[in-house]
Amino acid sequence: MFESLSEKLGGILDRLTRRGALSEADVDAALREVRRALLEADVALEVVHSFIDEVRKHAVGATVIKSVTPGQMVVKIVHDQLIAMLGASADPINLDAPAPVAVMMVGLQGSGKTTTTAKLARRLSQQMRRKVLMASLDVRRPAAMEQLAVLGRQVEVDTLPIVEGQQPPQIARRALEAGRLGGYDVVLLDTAGRTTLDDAMMAEAAEIKAAANPHEILLVADSLTGQDAVNLARAFDQRVGLTGIVLTRVDGDGRGGAALSMRAVTGKPIKLIGTGEKMDALEDFHPQRIADRILGMGDIISLVEKAAATIDAEHAMRVAEKMRKGAFDLSDLRSQLAQMQSMGGMAGLMGMMPGMAKMKSQLASANLDERVLKRQMAIIDSMTPKERRVPDLLKASRKKRIAAGSGTKPEDINRLLKMHRQMADMMKAMGGAKRGPMAGLAQMMGFGGGAPSPEDMAKLAQQMPGGIPGSPPGTLPPGFPGASGLPPTMPGMPAKFPGMPGLGGRPPGLGSLPGFGKKK
Amino acid sequence: MNDKPDDKRNWWQRLKGGLARTSASIGGALTDLVSKRKLDAAMLDEIEEVLIRADLGVDVAHRIAAAVGKDRYDKAISSDEVKAVVAAEVEKVMAPVAKPLEIGTDKPFVVLVVGVNGSGKTTTIGKLASKLRAEGRAVMLAAGDTFRAAAIEQLKIWGQRVGAPVIAREAGSDSAGLAFDAVQAAKAQGTDVLLIDTAGRLQNRAELMDELTKVVRVIKKVEPSAPHAVLLVLDATVGQNALSQVEVFTRIAGVTGLVMTKLDGTARGGILVAIAAKFGLPVHFVGVGEGVDDLEPFTAKDFARAIAGIDG
């Protein structure tokens, strides 16, 4: 959701970093553009004002003017300020109270409360092994209670049986009673959507709070919200008293200004973000990573975590071994494509990589989306096993057959073959490399690596935040695999995924990764 | 100009009810900033910021503020005058797009309702069906949101309330197939208006938008002239992202008009002005509450006055 903002800021700050010395006027001009970018990202006006003031206070002064690279200094200040605004550290759901712990969900109509309740229930029961009970307190919207019941069955979490004619505070009491008797750890209360102007409904929310004494009161808010975000966050906080915020529809292409606004005016942490329609699409919110992403610095940690979770390490090793020998065939290519797809496709991956936000839009215009991956896999699926092993067999008549089988054209097959050939060549070249950036690359590709251990991940997490912010946004670390030739030689793209598990796999691991951590 | 017909005052009252706090804050801000001052650059900046706070967006807010400043620069001006000028400028943008949803002569007249998740599609269909029933039309509903849990039940309840048959399949089934069935059933039963619900989808999700393309394609298979109207439902709280929603949904599904819901909150829905300036799409209705009758035709003048904070 933050890509557009990140592109905008990236452009503005890019220009700034290229300058030598900066005058106050330079900083002012840049900040005017920052203001505009933030407003277009739906950051609330009052928040923009205080943000700009804060940045100016730090930026205009001896430190910047005298520093060797004033532009970078400003970038760093904007970055630090974004993090300060988003909250310094991740702040997960707190269940530290005697069971059953009540968690109450509030928000406007249509913000995603019921879906989020079910996602949260699933997360608590499956990942944290809690016994969870959900109860719908929405007696207003037709079929709202049924919706939660259906979702409860989907995520295998119990829901409070529906009793017609009960009022929300009554239901809340009944839910907690059932929680006590049934030995539940957590009781999630999904309330009806309400506008903050509806005094009766806001009073009802307060009553529910009094009846259930919830340990967490979460405001569920749409990340596409405009300037009203401040009003609603403030109103709910004043009337009900929030403990945190859950942002939904973060997978949309909104610019996420609401996140900044609501955090800033309430001081309440954003605890979770909803990132898709599926029941497992709920993630912890990491301010540091989002701030990096806003500035076009990518979200490498998320990427690595995702890769580690998705990629079958053993399989990756086998592929890596094959690559080293230059025996990378089309079946291997197919499994690479499938892995990319399961990691969220190219768009998802690119968004997480430093400096890739710009390329992502180019990619979009080049129409390199999920459909391409799917089509390429279909082509390979239409080949015989022998053809997959020995692509040289493919002459015109076979190509025609494959094209017919996969619903593509012979040109598409040629393109795929060319891409495969380039990848295979590149891999062979890397297999022999011992020193220089290529050696690090080889390591990244999984040569000799295993899946990253939790310790390595932690180390990575520690190193990243310190290392990256200083580097100019939009600059790709040299040797970042495949990236240099990206849009024109797209074929190189998948090459960098096979070995993700190798990332940081062999100590010192990270240090030898080209461009990460050490580069300025 | 001053004597509005009854139903219009009704609309005005409702919208004012909904926009009450908003208007107060906008009006208040405008009053504060112009009570005893000359119209200067600083004041224009403040006007611009008031409009930005109403979600009009940086460009449109700037343009309207500039229009307010034109010919009046450096002259003393009262707060009421400023509000009137702001309202007039907003109305100028909105007047061409304030058009009612006209039910044509095609039978069935097929209306497809689209939008992102949670914008209020199903509720809008319920309210719209009630309106059309009150006009004496035979209405049929199609529960095309086969994805969200209990969306079908929600529409069925609306169908019972307003007395309209509901075409539905089990949850998780193909929404294009359902649309096909619904158009055929509406044809067979001589229905006047068929309202087709769809699952909420974010406009940047290619696979979901493809599904919508398919729904439209399948509808055309049964009735080449359909859908006769495609309504995009926007939530009043939405910010600048609405521009992208309008653009993509129009490209994919051929949106013919807009409905803005949830104007009964503190959100101002000013994004409509930016949308009107950029796309010129008709705005048919506004939703101003949860009641079955809380769907009203959109009128530019009332909306503009509400944005500017003019009372009564």
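Lettering follows sequence order; numbering is per chain, from 1. Fair warning: this is a prediction, and the values are worked out from it, not measured in the lab. All values below were derived from every heavy atom in this structure, side-chain atoms included, with hydrogens, water molecules and symmetry-related copies excluded.
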**Prompt:** Tell me the side-chain hydrogen bond (donor to acceptor under 3.5 Å, both in side chains) pairs involving residues 145-162 of chain A, sequence neighbours left out?
**Reply:**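 Checked against side-chain hydrogen bond (donor to acceptor under 3.5 Å, both in side chains) - neighbours excluded - the pairs reaching residues 145-162 of chain A are Arg141(A)-Gln147(A), Gln147(A)-Arg148(B), Asp158(A)-Tyr184(A).
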**Message:** Donor-acceptor check, side chain of Thr124(B) to backbone of Gly120(B), threshold 3.5 angstrom: yes or no?
**Reply:**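 Confirmed, Thr124(B) side chain pairs with Gly120(B) backbone.
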**Prompt:** Hey, does the side chain of Ser173(B) reach the backbone of Arg169(B) with a donor-acceptor pair shorter than 3.5 angstrom?
**Reply:**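 It does not hold such a pair.
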Please state whether the side chain, the backbone, both or neither of [X] comes within less than 4.5 Å of a heavy atom of chain A.
X         : answer
Val238(B) : both
Ile152(B) : neither
Thr237(B) : both
Ile157(B) : side chain

Let's test your reading of the structure: which of [options] forms the most heavy-atom pairs below 4.5 Å with chain A?
options                                    : answer
Asp59(B), Val116(B), Asp235(B)             : Asp59(B)
Asp210(B), Thr123(B), Leu155(B), Thr261(B) : Asp210(B)
Arg201(B), Lys156(B), Arg205(B), Glu49(B)  : Glu49(B)
Gly118(B), Ala149(B), Ala171(B)            : Ala149(B)

**Message:** Can you confirm whether the side chains of Thr195(A) and Asp264(B) place a donor and an acceptor under 3.5 Å from each other?
**Reply:**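 No.
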**Prompt:** Are Lys121(B) and Asp197(B) ion-paired here, with the side-chain N under 4.0 Å from a carboxylate O?
**Reply:**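 Not counted as a salt bridge, because no side-chain N and carboxylate O are separated by less than 4.0 Å.
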**Message:** Check this for me, if you would: do Asp222(A) and Arg249(A) make a salt bridge, where the nitrogen-to-carboxylate-oxygen distance has to be below 4.0 angstrom?
**Reply:**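 Result for this pair is yes, salt bridge flagged.
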**Prompt:** What part of Leu148(A) gets closer than 4.5 Å to chain B, counting heavy atoms only: side chain, backbone, both or neither?
**Reply:**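 It is neither, since no heavy atom gets under 4.5 Å.
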**Request:** Against chain B, label Glu46(A) side chain, backbone, both or neither, depending on which of its atoms sit under 4.5 Å from a heavy atom there.
**Result:**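 Contact with chain B: none, neither part.
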**Item:** Shortest non-hydrogen contact from Glu290(B) toward Gly193(A)
**Value:**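 That would be OE2-O, 4.4 Å.
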